[in-house]
Amino acid sequence: MDLGAIHTPRLLLREWRDADVDAFTTMFSDPLVMEFLPAPQDRAAIDAIVGRVRDHFAKHGFGWWAAEVKATGQFIGFVGLAHVPFEAHFTPAVEIGWRLASVHWGKGYATEGAKAALDFGFTRLGLQEIVSFTVPANRRSWRVMQRIGMTHDEADDFDHPRLAEGDPLRRHVLHRISRRRWEEMSERH
Ligand SMILES: CC(C)(COP(=O)(O)OP(=O)(O)OC[C@H]1O[C@@H](n2cnc3c(N)ncnc32)[C@H](O)[C@@H]1OP(=O)(O)O)[C@@H](O)C(=O)NCCC(=O)NCCS
């Protein structure tokens, strides 16, 4: 299934190409990008991540889209939607997420891509709600969540079930946005 690419004013969100994988691998050695993310063991673990991303596209027609700057054709990371791959109090759910090479931070690319991904989720996929989660210290990611209209309720905070007890990245904050809120926000703009 292929539900197509997404165009925003400055970005093309598309399926991954083999050529993206090297640039994506480089992002794992950037301490800014990795500050709040669990580190993969080796290149095989990174290839496995990309394999899971591609499998998600093949199965569902959407996923973590590779983000390309239209003006340059450069791969800068990903923005997208994915089924949450573990059980928690808020699942089953579709999450929105993002990861950009740090030289491309501070330009509004994550927010621009995320708004288009929300639109895709609510209009094309017909979702009723989209969630997003991160560690409490990842304020940059929180800010993207809040800029696109997501809200946070402390009662939703949770321990990531795939991280061991005692892991400093285990505690997570959850943000949500309902279809209704998104429609109300879209009407206002
Ligand atoms: C989370 C992440 C994607 C946020 O990137 P970002 O560039 O800060 O976010 P945005 O794309 O929304 O950009 C917003 C910034 O661009 C600025 N900006 C500049 N030009 C802009 C424009 N044309 N439009 C909008 N914002 C613009 C904004 O003022 C804002 O600046 P600020 O951070 O100083 O307030 C990035 O930090 C990242 O990849 N982190 C590592 C991976 C990660 O942690 N992912 C989340 C895991 S849950």
Side-chain angles (χ1 to χ4, degrees), residues 6-14 16 20-21 23-40 45-46 49-50 52-53 56 63-72 74-86 88 90-91 93-121 129-154 156-163 167-177 182 185 189:
I6 299 178
H7 288 263
T8 75
R10 294 178 296 170
L11 300 177
L12 174 64
L13 304 181
R14 54 158 177 77
W16 289 59
D20 303 327
V21 181
F24 186 56
T25 301
T26 305
M27 288 168 58
F28 284 92
S29 30
D30 180 341
L32 286 173
V33 171
M34 296 308 294
E35 186 175 3
F36 306 114
L37 300 173
I46 295 172
I49 294 170
V50 177
R52 285 196 292 276
V53 169
H56 195 286
W64 300 137
W65 287 283
E68 177 181 311
V69 175
K70 283 187 191 175
T72 60
Q74 191 181 10
F75 168 90
I76 60 166
F78 69 73
V79 178
L81 300 170
H83 289 281
V84 177
F86 54 79
F90 56 90
T91 63
V94 169
E95 64 170 312
I96 185 166
W98 33 73
R99 189 184 305 181
L100 302 181
S102 58
V103 291
H104 299 289
W105 296 5
K107 297 176 182 172
Y109 286 146
T111 297
E112 183 172 318
K115 284 181 179 166
L118 279 189
D119 182 64
F120 186 99
E129 182 180 68
I130 295 174
V131 302
S132 193
F133 45 86
T134 188
V135 298
N138 194 347
R139 291 281 163 176
R140 278 186 177 275
S141 198
W142 281 59
R143 285 210 293 275
V144 180
M145 294 171 197
Q146 289 173 351
R147 275 194 286 266
I148 63 175
M150 303 188 95
T151 53
H152 169 231
D153 177 348
E154 273 177 29
D156 269 335
D157 293 355
F158 67 105
D159 289 329
H160 199 300
R162 295 213 168 149
L163 295 174
D167 189 315
L169 297 179
R170 193 160 187 239
R171 194 70 185 156
H172 274 63
V173 290
L174 185 85
H175 279 66
R176 300 177 186 255
I177 184 166
W182 175 80
M185 285 175 49
H189 293 114

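Predicted, not measured: the structure shown is a model, and the values here were computed from it. Whatever order the structure lists ligands and atoms in, that order sets their numbers, starting from 1.
- Partners of Arg176 under the salt bridge (charged side-chain N to carboxylate O under 4.0 Å, His left out) rule, at least two apart in sequence or in another chain, are Glu129, Asp156.
- Residues Tyr109 and Trp98 place their aromatic rings such that the two centres sit no closer than 6.0 Å.
- Between Phe75 and Phe24, the ring planes are perpendicular. Angles over 60° get that label, and only those under 30° would be called parallel.
- The aromatic rings of Trp142 and His175 stand perpendicular to each other, their planes meeting at an angle above 60°, with 30° marking the opposite boundary.
- Checked against ring pair (Phe, Tyr, Trp, His ring centres under 6.0 Å), Phe120 has the following partners two or more places apart in sequence or in another chain: Trp65.
- Contacts of Asp119 classified as side chain to side chain donor-acceptor pair (under 3.5 Å), with partners at least two apart in sequence or in another chain: none.
- Near ligand 1, residues Arg10, Val33, Leu37, Trp98, Arg99, Leu100, Trp105, Gly106, Lys107, Gly108, Tyr109, Ala110, Thr111, Phe133, Thr134, Asn138, Arg140, Ser141, Arg143, Val144, Arg147 come within 4.0 angstrom through at least one heavy atom.
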